[in-house]
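In what follows, every chain begins at residue 1, and chains take the letters A, B, ... in the order their sequences are listed. Model, not experiment: these values are computed from the prediction.
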Amino acid sequence: MELCDRSAHKLLELLRSKQVSAEEIVRSSLQRIAAVDGRPGSLESGEETEKDRQSVHAFISVAAEQALDQAKSIDRQLAKGEPVGLLAGIPFSAKDVFCVKDTYTTAASKILANFKAPYTSTAVERLQKQGAIMLGKVNLDEFTYGSSNESTAFQPCPRNPWDTSRVPGGSSGGSTASVAAGEVPLSLGTDTAGSIRQPAAFCGVVGVKPTYGRVSRYGIIAFASSLDCPGPIARDITDAALMLQAIAGADPRDSTAANVPVPDYLATLEQGVKGKRIGLSPDYFQISYMDAESGEIHQKPVQEDIRAAVYHAAEVLQRMGAEIIEDVPMPNTRYGIPAFFVISRVEAASNLHRYDGVKYGYRTPSAEDDLRVMYRKTRNEAFGLQPKLRILMGMYVSAAQYSEQYYNRALKVRALLRRDFDQIFDPLGKYRLDALLTPTTPTTAFPIGAIYGDSVLMQYADQFTVTANHAGIPGISLPGGIAADGLPVGVQLLGPDYSEHTLLQMGRSLEIGTQDEAWRSQRPALTLRW
Amino acid sequence: MTDYEVVIGLETHIQLNTKTKIFCACKADSWDDEPNTNICPVCTGLPGVLPVLNKAVVEKGVLLAKAMHSDIRMRSFFDRKNYFYPDLPKGYQISQYDLSLASGGYLDIPMPEGYTRRVSIHKLHMEEDAGKTKNAGNLRLIDFNRCGVPLVEMVTGPDLRSANEAAQYLIRLRQLLRWLGISEADMEKGHLRCDANVSIRPKGSDQLFTKTEIKNVNSIDNVKNAIEHEVERQIREVEAGNRVHAWTLDWDEEKNELRKMRSKETEADYRYFREPDLLPLDLTQAWLDEILADFPELPLERKSRFISEYKLPEYDADILTGERNLSDYFETAVQQYAGDPKKVSNYLMNDVLRMLNESGKTANQLKLTPAYLAEILKMVDAGQINTSTGKSLLEKVESSGRSPKSIVETEGLGLVSDDSAIRAVAEKIVAASPKEVETFRAGKETLIGWFTGQVMREMRGKADPKLATQILLELLKK
C-alpha cells in the first residue's frame with residue numbers, strides 16, 4: 001500500500017511519529033495524480049483518446065509547487081517540535097466551486113474559466129489553518145448542476161476509479177474520484193441534493209452532508225443557497241470526522257452559519273450504537289418517477305443488491321446493539337425531487353444573474369453597443385446546457401403569474417418533508433429515531449453517456465438524498481458493500497439537526513462491524529495497477 | 001371647464017447615515033471619494049460571497065418606523081429583487097418585499113395655510129443601493145462605491161393634493177430624518193431621493209386615474225416645480241381630449257422641463273423571492289426596547305409643547321423646533337436662565353441663528369453654550385451689563401470660548417454701579433446744563449431721559465442707567 005492510499009488519520013500517526021514526512025506524503029499523492037489522472041479538464045479538449053477513457057480526470061488544476069512548499073514548511077515545524085494543526089501535512093482537493101485566493105475558481109464553466117478569486121472560502125481557509133495542504137481543484141458538473149460530472153465545460157470529465165467507463169457521480173464527482181483513486185485522502189465537496197453523498201456512494205467513499213449552517217458557505221460559488229452544504233469526503237469515517245472538526249462552526253462572514261457549538265467528533269466516535277434507534281422506511285426502497293410522455297407516476301424498487309446491502313447494514317448495527325425499527329412512514333419522500341426542481345432552479349437562476357460579462361469572467365469578444373445584446377451573447381456563449389436549462393425553468397416558475405402554482409407550492413412541500421423528519425426524530429413521538437438508514441442511491445454508478453441528456457431521469461439519482469437538503473438535516477453516505485456489477489454501494493444515515501456526531505458514531509460502528517467482510521478489502525481497479 | 005384635483009404619492013429613498021454599508025464593512029459614505037474605492041468582494045457581488053446584515057441599519061430603520069407610527073414587525077424578511085443592470089453587480093437587489101420591517105403608518109404635515117395633511121405610509125423597507133452608471137461618449141463607466149449603501153424606501157399613499165403639499169412633506173421628512181439622526185437627508189447629495197407619482201381627476205371623484213412617475217429630481221424646489229409642470233401638462237392633455245399615458249418622466253433641471261424616459265404600461269416582474277443568504281430578521285423585545293430607549297420627542301410634539309409650556313408664539317416655536325440641536329439648545333438655555341423663555345427665544349431667533357447660518361455650525365457645536373447664553377441674559381437682567389453689551393458678548397464668547405463673566409471682567413464691560421462715580425459725573429452734567437435744569441424744574445420732567453443719556457455718554461455706556469436716573473432726579477429735585 002502506497003502512502004497515498006492510506007487514511008488521513010494513519011498518515012497523521014506516521015507523521016507525528018516521524019516515520020514519514022509531509023513532503024513524502026505530498027509526493028506520493030502527486031505521483032498518483034501523475035499516474036492515474038490523465039490530462040486535466042480544459043475548455044479545448046479535442047478528441048477523446050483511449051488513455052483518456054482509462055484515466056480519472058479528477059483535477060482541473062494541480063498546485064504541485066505550492067503544495068510541496070507547504071509540506072516542507074510543515075516538516076520544518078515538526079522538526080523544531082512546534083505545534084502543528086489537526087490536519088498538518090494531509091493533502092486535500094477542493095471542488096472547483098471553493099474560492100481560493102489568487103487561484104482559478106471555475107465552477108467548471110466557461111463563464112468563469114478565467115476567474116481568480118481575491119479571497120479564500122472559509123472551509124478551505126479552516127483546513128489550511130489546520131495544516132492541510134491543498135493539492136488542487138477538482139472537476140464537477142458545470143456550476144454543480146448534475147449527478148454525473150458529464151456536464152463540466154472542462155473535458156474530459158471525471159471517471160469512476162472502480163470502472164472508468166462509469167460516471168463517478170456528481171456533482172462532487174471530481175472530489176470523490178480523487179479520494180477513491182488514492183490521489184488525496186480528503187476532499188471538500190458541496191451537497192445541494194446529494195452532490196456529496198451520491199458520488200461518495202458511486203465511488204465507494206465516505207461523504208458527509210452536514211446540517212445546513214454547520215459549515216460556512218462563505219466563498220463557495222452558489223447553486224441553491226438555501227440547500228447548499230459544504231462537507232467532507234474521505235475514505236473512512238474517522239477521516240471524515242477529522243475533516244468536519246476542522247471546517248465546522250459559526251462564521252462571521254456567513255450569517256446562515258449556525259452559532260451552535262461544535263462537539264468533539266472524535267471523542268464520541270468509538271462509543272458504539274448500543275440503544276440507538278435506527279429506522280428503515282419503505283419509502284426509501286422505491287423510486288417514484290414521472291413518465292415524461294404521459295405524466296404518470298411510476299414506482300420502481302431500488303436495485304436488489306442495494307436493498308440487500310442496506311438490510312445487511314441494519315443487521316450489523318442490530319448485532320452491535322442498535323434497535324432497528326421497520327416500516328417508518330416517510331410519505332412525502334416522493335415529492336422531494338419535484339420540489340427540488342422548482343426551488344433550486346429559482347435560486348440558481350438568480351444566483352447566475354451576476355455572470356453578465358460586466359465585471360469578471362467571460363465576455364463575448366464581439367463588440368456590442370447594445371448592453372442587452374452583450375448580456376445575451378456573453379451568457380449564450382459561455383453557459384453550458386445545464387445552466388441554461390436551469391435559468392429557463394427558474395425564471396418560469398418564479399414569474400409573478402406562476403410562482404403561486406410552482407415556487408410557493410414547492411416551499412409548502414418542503415415544509416412537509418421537514419415534518420416527516422420532525423415526526424420520526426421527535427423524542428416524544430411514535431418512532432423516537434436517532435437515525436434513518438436508507439440506500440444512498442437507487443442504482444450503482446451508471447455508464448458514461450447512459451443518462452446524460454435526460455435531466456429529469458438524471459435528477460432521480462438524488463431521490464433519497466435530496467430530502468435531507470430540503471429538511472436541512474445531516475446525512476452521511478458510507479460504503480455498504482459491492483454490488484454484483486463490481487461497483488460500490490452506499491448506505492445513508494440521516495439524523496436530526498446537528499446530530500453529525502451520532503451519525504459518525506453509527507457509521508464507525510458499521511465500519512467495525514463489517515471490517516472482516518470480503519468486500520471491504522476490495523480496491524478500485526485503477527488503484528491496483530500501481 | 002372641469003375643476004381638477006391633483007393626486008400625488010411620493011416614493012422616497014432615504015440613505016441612512018451608518019458608518020458602513022448594509023451587508024459588508026465598506027465605508028458607506030463616498031461623497032468625497034474616488035470611484036470604486038469603497039468596495040469589496042461582497043458589495044461588488046463576486047462569486048461565493050455572502051451578505052451579513054449591519055445591525056445599525058435595522059436600528060435606524062426602526063427609529064424611522066416608530067416616528068411614522070408604523071407597526072414594526074418582530075420578524076421580517078429580506079427578498080431578492082431580480083433585474084439586470086451593469087451597476088447592480090449581483091443581478092439582484094437585496095430588498096424587503098411582502099414582510100418588510102414595518103407596515104402602515106402616517107406623517108402629519110402642518111401646512112403654512114393652517115390645515116394639516118395626514119399622509120399615509122404604504123411601504124417602509126430596508127434595502128441596498130445600486131452603483132452609479134455614467135455615460136462617457138460610447139463608454140459606460142460604473143462606480144460601485146454606492147453598491148450596498150443602506151437605504152430605507154418609503155412610499156406614501158396617494159394622499160398629497162398639491163405640489164406644495166409634496167414640498168411640505170419633503171421638508172417635514174427631511175426635518176424628521178435629521179431630528180432622528182438617521183440620515184443627512186441632503187437631496188443634493190442624494191441622501192434623500194424622491195420620485196413623484198402624479199395624476200389628476202375631476203374634483204369630487206374618488207377614483208385614481210393613470211399616473212405618471214417623475215424621477216431624478218434632486219431638490220425640494222425642483223420636486224415642486226416638476227409636479228406643477230406635470231399637472232399643467234396632464235390638464236392640457238385631458239382638456240384636449242387625450243389620454244394620460246403611464247410614462248416615466250425625467251426632470252431636466254437646466255431646461256426646467258420634463259422629458260419622457262419610457263412608457264411603463266406593464267409592471268416589470270422582479271421575481272421576488274426570499275433571500276436565502278440571510279436569516280429572517282428577528283427583533284427581540286429587548287433589542288427593540290434598547291433601540292427605542294432614547295426615542296426623542298418629535299418636532300411637532302415639541303413645537304406644541306414649546307407653545308404651551310413656554311408661551312412662545314407659534315412662529316418662534318416652529319423655528320426653534322426646526323432642528324433638534326437648536327430646540328435642545330433653547331430648552332437647556334431656558335432651564336439655566338430660569339427667566340422669561342421669550343427672551344431666550346429672541347436671542348436665539350435674532351442672533352444665535354445668524355451665527356449658526358454664518359458659521360455653518362449646528363447649535364450643539366457652538367462655544368457659546370446654552371449655559372453661557374443664560375449667564376449673559378442673567379447679567380443683563382441684573383443690570384451688570386446693558387443689552388448692547390450683552391449682544392456683543394455673544395460673538396466674543398463664541399470666538400474665544402471664554403465665559404461671559406470673565407470677558408466682562410477683563411474687558412471692563414460691566415456697568416458702573418458705584419454711586420460716587422456716577423454722582424460725580426451727574427453733578428458735572430447738572431452744573432454744565434443750567435438751561436436744561438431750569439426747564440426740568442419748570443415742570444418738563446421728561447427731560448430726565450436727556451440727562452441720563454448725557455451721563456451714559458460721558459461714561460461710555462457703562463453706567464447703570466437706573467442708578468444714574470435715580471441720582472440725577474435726586475440732584476435735580478434738590
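- Side-chain contact check for Y360(A) versus P47(B): some heavy-atom pair is nearer than 4.5 Å.
- Proximity to chain B (any heavy atom under 4.5 Å) is restricted, for Y407(A), to the side chain, taken from C-beta onward.
- Residue Y218(A) touches chain B through both its backbone and its side chain, counting heavy-atom pairs closer than 4.5 Å.
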Check step by step if side chain to side chain contact (heavy atoms under 4.5 Å, CB included) holds for M395(A) and N82(B). CA-CA 10 Å; M395(A) 300 289 259; N82(B) 296 284; over 6 Å; no
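- For P86(B), the parts sitting under 4.5 Å from any heavy atom of chain A are the backbone and the side chain alike.
- For the pair Y83(B)/H353(A), no side-chain contact is recorded, criterion being any heavy-atom separation below 4.5 Å from C-beta on.
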Please step through side chain to side chain contact (heavy atoms under 4.5 Å, CB included) for the pair L50(B) and R253(A), ending with a clear verdict. CA-CA 7 Å; L50(B) 299 168; R253(A) 292 172 298 187; over 6 Å; no
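- Ring-plane geometry between Y375(A) and F84(B) is classed as tilted, the angle between the planes lying from 30 to 60 degrees on a 0 to 90 degree scale.
- Proximity of a side-chain donor or acceptor of D269(B) to a complementary backbone N or O of A400(A) within less than 3.5 Å is detected.
- In E34(B), the CD atom is not crowded: 12 or fewer heavy atoms of neighbouring residues, nucleotides or ligands sit closer than 6.0 Å.
- Between L278(B) atom CG and T256(A) atom OG1 the span is 8.5 Å, to the nearest 0.5 Å.
- Distance CZ/F115(A) to CG/L46(B): 4.5 Å, rounded to 0.5 Å.
- For the atom pair CG (D356(A)) and OH (Y85(B)), the distance works out to 12.5 Å, reported to the nearest 0.5 Å.
- In terms of heavy-atom pairs under 4.5 angstrom with chain B, the leader among D228(A), V97(A), I221(A) is I221(A).
- Neither the backbone nor the side chain of R372(A) has a heavy atom closer than 4.5 Å to any heavy atom of chain B.
- When heavy atoms are compared at a cutoff of 4.5 Å, S350(A) approaches chain B by way of both its backbone and its side chain.
- If you measure heavy-atom distances from F223(A) to chain B, you find no contacts under 4.5 Å at all.
- Formation of a donor-acceptor pair under 3.5 Å by the R354(A) side chain with backbone atoms of P89(B) is not found in this model.
- Residue contact with chain A, scored on non-hydrogen atoms closer than 4.5 Å, involves the side chain of F144(B) exclusively.
- Rounded to the nearest 0.5 angstrom, S255(A) OG and L279(B) CG are separated by 5.5 Å.
- Summarising the geometry, atom CZ belonging to R271(B) is positioned 13.5 Å from atom OH belonging to Y396(A); distances are rounded to the nearest 0.5 Å.
- S398(A) touches chain B through backbone and side chain together, each having a heavy atom under 4.5 Å away.
- Only the side chain of L112(A) comes within contact range of chain B, with at least one heavy atom under 4.5 Å from a heavy atom of that chain.
- Annotation: the span from R80(B) atom CZ to N351(A) atom CG amounts to 4.5 Å, rounded to 0.5 Å.
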